[in-house]
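All figures in this text were calculated on a predicted structure; none of them were measured in a lab. Here, residue 1 is the first one in the sequence, and each next residue gets the next number. Any value given below was found using the heavy atoms of this structure, including those in side chains, with hydrogens, waters and symmetry copies removed.
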Amino acid sequence: MAAGKPVIRFASDTVLEPDHVHVEQTADSEIPAAHIGLLRNHHTYTAEIPVRHSLGANVTAEHPQHNIYVRVADISQTEEIQDESSPDKFFNVVTVQIKTIKEGPIGETIELVNQDDVGKRKAILVTAKALMSNQGHPLLKSGVHMLSHEHRDESDFTEWPGHGWDADN
């Protein structure tokens with residue numbers, strides 16, 4: 001490692017799947033976590049999170065009002081799973097929108113709620129790491145898509161005519 005370069009660190013029990021978003025329950029956490037992966041600062045992304053649950057067929061997803069980075073954008077139609085080994089008999093794909101407005105770790109919750117019985121809920125912690133602009137472009141997991149970036153980045157600058165900042169003028 002070159003001197004002076006920042007190092008990205010995760011908790012020792014974090015399992016990073018290189019190719020897809022997944023939800024996992026670790027022994028020391030109260031709620032399951034969806035690991036989105038590495039994202040670039042000052043960008044907006046969508047992520048499709050597959051969730052198995054036992055809440056029933058009539059489910060919606062919501063986010064707490066205090067969430068800054070993560071918002072629920074959509075939830076798929078509930079599918080029933082024929083798996084005798086798991087208590088989770090239902091499946092949805094929750095699409096969230098993530099805004100990275102500062103570098104560092106992101107950790108906010110969303111909840112799946114049974115519309116017929118609002119007492120039945122399942123919380124999911126959405127985690128990601130926003131990289132600084134000098135840390136490169138992360139390879140996004142399957143199901144994670146960049147929607148936009150918020151401002152011009154000096155690393156995108158080029159002196160070639162018709163490219164970079166002068167292309168906007």
Report whether Phe90 and Ile81 are members of the same hydrophobic cluster (ILVMFWY, side-chain heavy atoms less than 4.5 Å apart, transitive linking).
-> no
Rounded distance [0.5 Å steps], CD in Glu103 versus CD1 in Ile106 = 10.5 Å
Partners passing side chain to side chain donor-acceptor pair (under 3.5 Å) against Asp116 (at least two apart in sequence or in another chain) | Asn58
For the side chain to side chain contact (heavy atoms under 4.5 Å, CB included) test, which of Val59, Val51, Val126 pairs with Val94?
-> Val51
Here the pair of heavy atoms bringing Ala47 nearest to Ile36 is CB-CD1, 3.8 Å
Closest heavy-atom pair and its distance - Ala123, Pro32 = O-CD, 3.5 Å
Pairs involving residues 55-67, ordered by first then second residue, that meet salt bridge (charged side-chain N to carboxylate O under 4.0 Å, His left out) (sequence neighbours left out) = Glu62-Arg121
Is any side-chain heavy atom of Glu48 less than 4.5 Å from a side-chain heavy atom of Val21?
-> no
Counting N and O atoms only, with roles assigned by atom type, does the side chain of Asn67 sit under 3.5 Å from a partner on the main chain of Thr109, one being a donor and the other an acceptor?
-> yes
Common cluster, Val93/Ile124, ILVMFWY with side-chain heavy-atom separation under 4.5 Å | no
Crowding at NZ, Lys99 (>12 non-hydrogen neighbours, <6.0 Å) | no
Who pairs with Glu79 by salt bridge (charged side-chain N to carboxylate O under 4.0 Å, His left out), at least two apart in sequence or on another chain?
-> none
Test log, rule side-chain hydrogen bond (donor to acceptor under 3.5 Å, both in side chains), inputs Glu108 and His63 | CA-CA 9 Å; Glu108 293 186 339; His63 57 268; over 6 Å; no
Ring-ring centroid check His149 His43, cutoff 6.0 Å | yes
Ile110 reachable from Leu147 in the ILVMFWY side-chain graph, under 4.5 Å edges | no
With Asn92 as partner, the option from Leu55, Thr60, Thr78 fulfilling side chain to side chain contact (heavy atoms under 4.5 Å, CB included) is Thr78
Lys122 side-chain N/O to Arg52 backbone N/O, donor-acceptor pair under 3.5 Å = yes
Under 4.5 Å between any side-chain heavy atoms of Lys129 and Leu38, yes or no?
-> yes
Under a 4.5 Å side-chain heavy-atom rule over Ile, Leu, Val, Met, Phe, Trp and Tyr, are Ile75 and Ile49 clustered together?
-> yes
Non-hydrogen side-chain atoms of Leu39 and Leu140 separated by less than 4.5 Å = yes
Does Tyr45 reach the main-chain N or O of Arg40 with its side chain, forming a donor-acceptor pair under 3.5 Å?
-> yes
ILVMFWY network linking Val96 to Ile101, side-chain heavy atoms under 4.5 angstrom = yes
Heavy-atom closest pair, residues Pro87 and Ser54 = O-CB, 3.5 Å
Could you state the interatomic distance from CD (Glu80) to CZ (Phe91), rounded to the nearest 0.5 Å?
-> 14.0 Å
For the residue pair His22 and His35, categorise the inter-ring angle as parallel (less than 30°), tilted (30 to 60°) or perpendicular (more than 60°).
-> tilted
